[in-house]
Amino acid sequence: MPLLRFDLIEGRNDEELKALLDAAHRAMLEAFQVPARDRYQIVHEHKPGQMIVEDTGLDIPRSDKVVFLQVTSRPRKRAQKEAFYRLLCEELERSCGIASSDVVVSIVENSDEDWSFGLGRGQFLTGEL
């Protein structure tokens, strides 16, 4: 936890996807200070016509490398979120050649009672985590 869901335009190979996921994980580790094995990432690929990511009137250019990332997490401080946005863009630019203008992030917050990591238990609630 957090859970990272990536929506991408199809066409990246396995090495490119791994680089993208690894870059996002590094940014999350630094910004949110979670354990290294706290890694939950899902990639959804879409045909070009099935993904529209505009700029909300900000004149931000997009390309076919656009990454829409939805992060589901327990509440984070504003400074952590801002650090994550910055670090994510830096990591994706450095490791994947993805411009910061192609990175869109939405953070959805939930609470400890909303997570079960298996075995029919809510590990945050039982004290296992």
Side-chain angles (χ1 to χ4, degrees):
M1 196 289 275
L3 168 62
L4 280 64
R5 292 180 168 268
F6 300 82
D7 285 282
L8 313 169
I9 295 172
E10 65 185 6
R12 292 175 170 94
N13 64 39
D14 288 344
E15 288 178 7
E16 291 169 319
L17 289 173
K18 181 175 179 354
L20 187 150
L21 296 176
D22 288 349
H25 188 63
R26 286 191 300 272
M28 187 190 65
L29 289 174
E30 187 171 339
F32 293 165
Q33 302 295 303
V34 297
R37 289 189 46 161
D38 197 353
R39 187 169 182 171
Y40 299 90
Q41 300 173 313
I42 300 170
V43 173
H44 300 274
E45 293 185 287
H46 307 273
K47 294 183 185 314
Q50 295 176 341
M51 207 170 142
I52 299 171
V53 183
E54 293 187 346
D55 65 3
T56 315
L58 297 171
D59 293 324
I60 299 172
R62 308 278 190 223
S63 77
D64 61 353
K65 288 186 172 186
V66 68
V67 175
F68 192 100
L69 173 59
Q70 183 179 49
V71 179
T72 303
S73 174
R74 57 186 8 172
R76 305 288 172 175
K77 295 180 180 175
R78 178 180 173 161
Q80 289 178 300
K81 293 175 185 180
E82 290 177 334
F84 179 70
Y85 302 147
R86 178 182 50 78
L87 292 165
L88 178 65
C89 286
E90 290 172 1
E91 286 285 347
L92 290 176
E93 176 72 37
R94 184 178 57 78
S95 301
C96 307
I98 297 171
S100 62
S101 58
D102 273 330
V103 180
V104 181
V105 180
S106 173
I107 297 179
V108 178
E109 295 182 340
N110 63 13
S111 66
D112 290 352
E113 65 190 36
D114 298 315
W115 291 92
S116 170
F117 295 93
L119 305 175
R121 297 190 298 269
Q123 287 81 358
F124 286 127
L125 302 175
T126 63
E128 296 169 79
L129 286 175

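Numbers here simply count residues along the sequence, with the first being 1.
- Residues Ser95 and Arg26 come closest through the heavy atom pair OG-NH2, 2.8 Å.
- The hydrophobic clustering, which links ILVMFWY residues whose side-chain heavy atoms are closer than 4.5 Å, places Val43 and Val67 together.
- Within a 6.0 Å radius of CD in Glu54, other residues, nucleotides and ligands contribute 12 heavy atoms or fewer.
- Distance check, rounded to the nearest 0.5 Å: CG of Leu21 to SG of Cys96 gives 8.5 Å.
- Here Glu90 does not pair with Arg94 in a salt bridge; the nearest charged N to carboxylate O distance is not below 4.0 Å.
- Crowding of Asp14 atom CG: a count of heavy atoms from other residues, nucleotides or ligands under 6.0 Å not exceeding 12.
- Atom CD in Gln80 sits 12.0 Å away from atom CE in Met28 (nearest 0.5 Å).
- Residue Gln50 qualifies as enclosed at atom CD: its count of foreign heavy atoms under 6.0 Å is above 12.
- Arg62 and Asp55 are not joined by a salt bridge, as no carboxylate oxygen comes within less than 4.0 angstrom of a charged side-chain nitrogen.
- When each of Lys81, Lys77, Arg74 is paired with Glu109, the salt bridge (charged side-chain N to carboxylate O under 4.0 Å, His left out) condition holds for Lys81 and for no other.
- Leu20 approaches Arg12 most closely through the heavy-atom pair CD1-NE, 4.0 Å.
- Considering only heavy atoms from C-beta on, Leu69 comes within 4.5 Å of Leu4 through its side chain.
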Report the C-alpha distance between Thr72 and Arg5 in whole Å, list the side-chain angles of each, state the deciding distance to 0.1 Å, and finish with yes or no for side chain to side chain contact (heavy atoms under 4.5 Å, CB included).
CA-CA 8 Å; Thr72 303; Arg5 292 180 168 268; 5.5 Å; no
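- Put simply, Tyr85 and Leu29 are part of the same group of oily side chains (I, L, V, M, F, W, Y) that touch within less than 4.5 Å, one to the next.
- In this structure the side chain of Ile52 never reaches within 4.5 angstrom of the side chain of His46, judged on heavy atoms.
- To the nearest 0.5 Å, atoms CG (Leu8) and CD1 (Ile98) are separated by 7.5 Å.
- A side-chain donor-acceptor contact under 3.5 Å links Gln123 to the backbone of Gly118.
- Taking the six-membered ring where the residue is Trp, Tyr40 and Phe117 present tilted rings, their angle falling between 30° and 60°.
- The two residues Met51 and Val66 come nearest to each other via the heavy atoms CE-CG1, 4.0 Å.
- In terms of heavy-atom proximity, Gln70 sits nearest to Val108 at NE2-CG2, 3.4 Å.
- In this structure, CG on Asp114 lies 11.5 Å from OG on Ser73, to the nearest 0.5 angstrom.
- Atom CZ of Phe84 and atom CD1 of Ile107 lie 6.5 Å apart (nearest 0.5 Å).
- Expressed to the nearest 0.5 Å, how far CH2 of Trp115 lies from CG of Leu3 amounts to 5.0 Å.
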Assess whether side chain to side chain contact (heavy atoms under 4.5 Å, CB included) is satisfied between His25 and Val34, documenting all intermediate values.
CA-CA 10 Å; His25 188 63; Val34 297; 5.6 Å; no
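- With Glu82 contributing its side chain and Ala79 its backbone, the two residues share no donor-acceptor pair below 3.5 Å.
- Around the CG atom of Leu58, the shell of radius 6.0 Å holds more than 12 heavy atoms that belong to other residues, nucleotides or ligands.
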